[in-house]
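Here's the structure we're looking at; comments come further down.
Quantities reported herein were computed from a predicted structural model and do not represent experimental measurements. In listed order, ligands and their atoms are each counted from 1.
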Amino acid sequence: MIGLFLALQIAGAAAAVPIPTFIVVRDGAVTASVPVTINGGEPSVRADVLMKAMKGALITGTNLHYTLVLARTKLDLIDGIPFAKLDTLTIPLTRAPQVRGGQLYLPFQFVSEVIPRYAGGYVYDVVLGELRTFVGPNAGVATAAGKTPAVRAPVAIRPSTPVTTNNPASTLPKAKSVSVPAKAKPIQRKLVVIDAGHGGPDNGMTGPIGTTPWFLEKDVTLSMAKKLATVLRARGVDVLMTRTTDTLVALADRGKIANSNHGDVFISVHVNAPGYNTAAAARERGFETYFLAEAKTEDERRVQDMENESVKFETGAGAPKGDPLSFIITDMAQNEHLRESNDLAQTIQNGLIEVHPGPNRGVQQANFAVLRGSYMPAVLIEIGFGSNQSEATFLSDDANQRALARNIAESVIAYLAHYESRIGGTR
Ligand SMILES: [Zn+2]
């Protein structure tokens, strides 16, 4: 049943961005084409062919390490690991780069998202299947005003490395200081970080109570997170997922991933369970949304302790250090977003009333480790009780998951629009 969810999800995710049979890499009038091949049902491009088309280089290191060298940036990859590294920045990938027949293949996401976002100076045109360079703040806008309205202005690019003055990239606008002609109506792209709770050895809650457990929280949160990502991407919002597979990401690292990628909003998806195991507990149901604050009630403290339990699965560098000073700094950084986090939680909670059988358990506050590390409006959604037979069945249903994901996405978009109008989009 879980396998089926994942299969459906992969098909759904692939359908969100049209996959051409080849992409065109364009630098002014100069073009080169790069075939898109399907490997194991997934669209991929050959790293060496892409680098040649982009006038970059693919360097093969030792121990399955690879480096993509482009004019303005270098990305490090490891065969079989679904992350790319840009200096100290970790970029989650939809799928691991893979060597087949002696060649390194990159997930198509590299062309559609990673290079436009991180390489600096590229936009990907979904309509034409074209990855092209732009120079200066107005080049992309001129194109966007032309026959390819799907192209977004270079405001979509968030340079993640400092630009030096002797580099042509210095003309690249930073996301905060873009000036473009008013008629171009550029969309300030937002980045939503979606965190699927638990993963790997940490199953999260299992249920329902009174059955041989068939409901694993980690699987439902991942399936939900992917659906939410698909809807948001289709609506022109950038999405970063802290995990896209059944892996464990340390609680502290989930926030770090969000921060280092400059997320605008952080959403952690979980499934609830009561703290006891009785017939009454089996009847508990409903949805609630948390934002970060000191836990107030017994029930809030229970959920907090349950979700923070994941730490025990973490070892080594990812585990919290417990440095009191870092906690104070983290607290201060998060505090300025408390109000926004509360607003976001309220918007999501109110939206869910439309699609969730309920009951509505309201907006709650707790001191979650996963929310503590993210310096942006951050919420944790408990989408229901997997401990309850009927709610576990409801939450496992693909159509219900889609409805919940669409609803949450609409709330996030409404929140972002509201937030933008309030602060003038200068965040
Ligand atoms: Zn959980």
Ring pair (Phe, Tyr, Trp, His ring centres under 6.0 Å) evaluation trace for H270 with Y290: CA-CA 11 Å; H270 288 259; Y290 284 79; 9.6 Å; no
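K227 and D398 are joined by a salt bridge, as a carboxylate oxygen and a charged side-chain nitrogen come within less than 4.0 angstrom of each other.
The backbone N or O of G200 sits less than 3.5 Å from a side-chain atom of K218, completing a donor-acceptor pair. R254 places a side-chain N or O within 3.5 Å of a backbone atom of A196 that can act as its donor or acceptor partner.
Ordered by chain and number, H198 NE2, E217 OE2, H270 ND1, E307 OE1, E307 OE2 make up the set of protein N, O or S atoms under 2.8 Å of the Zn ion (ligand 1).
Nearest approach of G129 to P20, heavy atoms of both residues: CA-CG, 4.3 Å. Between A405 and M224, the closest heavy-atom pair is N-CE, 4.0 Å.
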